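These notes concern the structure reproduced below.
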Amino acid sequence: MKRIMVIGAVGQIGSELTMELRNIYGNDNVMAVGRKTPPSDELKNSGPFAFSNILNYEEMKKLIADFGTDTIYLMAAILSATGEKNPMLAYRVNNDGLMNVLEASRELKLEKVLIPSSIAAFGPETPRDNTPNDTILKPKTMYGISKVHGELLCDYYFYKYGLDVRGLRYPGIISYKTPPGGGTTDYTVEMYRAAVEGKPYTCFVKESTVLPMMYMPDALKSIIDLANADIKNLKHHSDFNVTAMSFSAGELADSIRKYIPGFKVTYEPDFRQKIADSWPMSLDDTVAREEWGWSPDYDLDMMTKDMIENLPSVL
Ligand code: AKB
């Protein structure tokens, strides 16, 4: 029987991942851990939930031990835009928090730890088209620096202690249930929400800005598939590129206009433009495809249709 803990279970990915894991492994076997009140009663009431902060090592370790945890998904992080407003907070949560989870997992001899990285691990010196898996990692944001540090630290724990830590580099993740918070790619979800509410949208990156993206069902599938991959096939561990699509902000608006023809978008780039410009426009995810069979299901049009059909139920 699996005993899974999702740390950062109240955030955009963590909340949906918790529910998906509960569907697969049973409600009582998936403990959600967050710092904030869950966005839905469903998350709090469908299985075990605890308030905790990854910076409190002893409290976190006790929670992990008491639940009989064998697998952790560490989804707690301060994202790129919030991280640039408060670099010390990003440093502490993303680096010290990760270290606490790795150390507790090592001491308690956990079976597996899943820790997402991000396209933020890349920087302006990285090739931006079809960015290879193994390439230059010189990010310029505190979030990106913590992600590179995290990838290296996770591999260190694998090679030094034999802790089975796995991770992938998420692109921007789009979903209708829980809004993202504090990322540079948040304009995508904001754009859908404005369109469905019948409002115009002022986008904080230029119309021509292209970034790699993924719809939530694929994001959940990717991390769960990686968790279940046969370790014998993995040459990489903590740093798999994964992607599903790439589009510009203008192309996203056009895709929405197929359903909501009069939707108006204006573009007023702010400090997040510089972050977006330092990230890849598209990713090469061949390594993930070859080592654990990664393949996404959703493209831009399929995602737009699903977002527009489902958003009204949560707004
Ligand atoms: C962000 O925009 O900071 C995140 C990410 C790409 O990791 N969505």
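Every heavy atom of this structure was used, including side-chain atoms; hydrogens, water molecules and symmetry mates were not. For ligands, and for the atoms within them, numbers begin at 1 and follow the listed sequence. These numbers were taken from a predicted model, which means no experiment stands behind them.
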request  = On the 0 to 90° scale, with breaks at 30° and 60°, tag the Trp292-Trp294 ring pair as parallel, tilted or perpendicular.
outcome  = tilted
message = I'd like to know if Glu103 and Arg106 make a salt bridge, using a cut-off of under 4.0 Å between side-chain N and carboxylate O.
response = yes
ask   = Would you call Asp254 and Arg257 a salt bridge, taking side-chain N to carboxylate O under 4.0 Å as the test?
value = yes
note = Smallest heavy-atom separation, Lys140 atom then Glu84 atom, equals O-OE1, 4.4 Å
ask   = Should Asp186 be counted as touching ligand 1, given the test is an N or O pair under 3.5 Å?
value = no
inquiry  = Return the CG to NE2 distance between Asp134 and His236, rounded to the nearest 0.5 Å.
reply    = 3.5 Å
message = Counting only heavy atoms, tell me which of Gly183, Ser118, Ala81 gets closest to atom 7 (O) of ligand 1.
response = Ser118
ask   = Do Tyr159 and Tyr157 have their ring centres less than 6.0 Å from each other?
value = no
request  = Could you tell me whether the side chain of Lys112 and the main chain of Ala227 form a donor-acceptor pair under 3.5 Å?
outcome  = yes
Tell me, which protein residue and heavy-atom name are nearest [atom], and how many Å apart are they?
atom	result
atom 2 (O) of ligand 1	Thr184 N, 2.7 Å
atom 8 (N) of ligand 1	Thr185 OG1, 2.9 Å
atom 3 (O) of ligand 1	Ser80 OG, 2.5 Å

At less than 4.0 angstrom from any non-hydrogen atom of [X], what atoms of ligand 1 do you find?
X	answer
Ile119	6 (C)
Leu79	3 (O)
Trp279	1 (C), 2 (O), 3 (O), 6 (C)

query = Applying a 4.0 Å heavy-atom criterion (strictly less than), which segment of Ala120 is in contact with ligand 1: side chain, backbone, both, or neither?
reply = neither
ask   = Of the backbone atoms (N, CA, C, O) and the side-chain heavy atoms from C-beta on, which set of Ile173 has a member under 4.0 Å from an atom of ligand 1: side chain, backbone, both, or neither?
value = neither
